[in-house]
Amino acid sequence: MGLNFNLLKKVCECNSISGDEQSLVSLIKEYYKEYSDEIIYDNLGSMVALKKSRNKNAKKVLVLAHADEVGFMVSGVDNNGDIRVNPIGGINPNILLGDRVVLKSSDNKLYRGIVSNSSVVDGIKDIRFNFGFDSKEEVLKNNIEIGNSVCFDRETIKINKKRIVSKALDNRYGCFLSIELLKELKDVELDVDLYVGVSVQEEVGCRGALTITNKVCPDMAIVLDCSPCDEKNKNGILGKGVLLRVKDANMLAFRSLINYQKEMCKKAKVPCQYFVSYGGTDAGMIHKSFNGILTLTHCICAKNIHTSSSMIDVNDYNSAKKSLIYMLKDLHEERIENFKMGNR
Ligand SMILES: [Zn+2]
């Protein structure tokens with residue numbers, strides 16, 4: 001299917017809820033190290049790899065994907081051994097019925113479990129997880145405590161040759177693409193200093209995006225993320241290519257950049273589609289940083305994001321990758337300066 005499925009599976013199956021992303025970030029770091037000159041962190045846990053240009057006046061371009069996924073935090077234990085949780089990120093509690101979850105205890109052991117509820121609930125406050133324990137004492141004895149992370153527990157699979165189904169494709173799409181991007185550009189000389197990385201805590205308010213942007217001070221940023229399909233309203237259709245995300249809840253696209261993205265998709269001979277979102281991405285935070293940063297989203301859509309079984313189209317992934325590489329090879333000092341002039 002033209003992509004490294006084993007690596008994607010590894011990246012997807014890592015547990016990485018907001019605020020507990022270290023295992024995924026360290027996995028990604030092992031790949032970044034091979035293809036870049038330097039690894040840089042902020043103090044929240046976001047990480048970028050720098051690929052330096054020979055151009056002494058090179059502009060800085062940041063390509064960023066969020067490493068976190070939605071999930072839960074343990075908020076209490078019932079006497080019968082059931083676990084109460086608080087949501088991390090936006091989750092509809094009724095999609096949880098019948099699902100499996102995995103908990104990481106305070107001594108870093110993984111416990112697999114189920115959603116105890118079997119009928120529709122009013123809210124997450126009514127959701128209970130069970131990890132096979134019969135009493136509160138048994139739970140506590142196993143170092144399960146308030147604040148522990150709980151993730152969806154699902155295998156990543158290929159179906160029908162053109163689709164991938166997994167938890168957290170929002171945003172393992174971006175994490176995986178960030179690795180593949182650096183690999184593809186390893187021996188390519190770029191005119192820009194390229195910072196490729198992952199942010200933490202996007203799902204709870206794009207917090208890592210702010211701190212890593214402050215660290216890097218980019219001239220331009222490209223955010224990789226996965227957006228919800230809305231096939232009924234023809235707004236994000238699987239297989240129809242890269243999203244030209246013109247408007248969302250926290251950013252109005254830079255018109256010059258949307259036009260550029262469209263032009264690059266055309267040059268790369270890959271499909272693209274206009275997209276309007278009620279949600280937001282790290283771009284919302286980045287573009288307001290300092291005195292304003294040129295920011296573009298480079299997203300694809302997925303069915304059922306923020307559930308244990310989201311689905312992306314392999315061609316969409318390949319289209320996003322190809323057009324992004326075109327873009328980065330094409331970007332140079334003067335072009336970025338011109339984009340800045342676009343808003344004057
Ligand atoms: Zn996302």
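Order of listing sets the numbers, starting from 1, for every ligand and every atom in it.
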Original post:
Just checking, Lys158 and Phe5: is the charged tip under 6.0 Å from the six-membered ring centre and within 45° of the axis?
Top reply: yes
Original post:
Does the side chain of Ser106 come under 3.5 Å of the side chain of Asn143 through a donor N or O and an acceptor N or O?
Top reply: no
Original post:
What N/O/S atom of Asp170 gets nearest to the Zn ion (ligand 1)?
Top reply: OD1
Original post:
Can you tell me if Cys226 has an N, O or S atom under 2.8 Å away from the Zn ion (ligand 1)?
Top reply: no
Original post:
Would one find more than 12 heavy atoms of other residues, nucleotides or ligands at under 6.0 Å from atom CG of Asn233?
Top reply: yes
Original post:
What N/O/S atom of His66 is the closest to the Zn ion (ligand 1)?
Top reply: NE2
Original post:
Leu238 versus Glu231: any side-chain heavy-atom pair under 4.5 Å?
Top reply: yes
Original post:
Got a sec: is Glu202 within less than 2.8 Å of the Zn ion (ligand 1) via an N/O/S atom?
Top reply: no
Subject >> Atom of Cys229, atom of Cys301 and distance for their closest heavy-atom approach >> reply: SG-SG, 3.6 Å
Original post:
Has Asp225 got an N/O/S atom less than 2.8 Å from the Zn ion (ligand 1)?
Top reply: yes
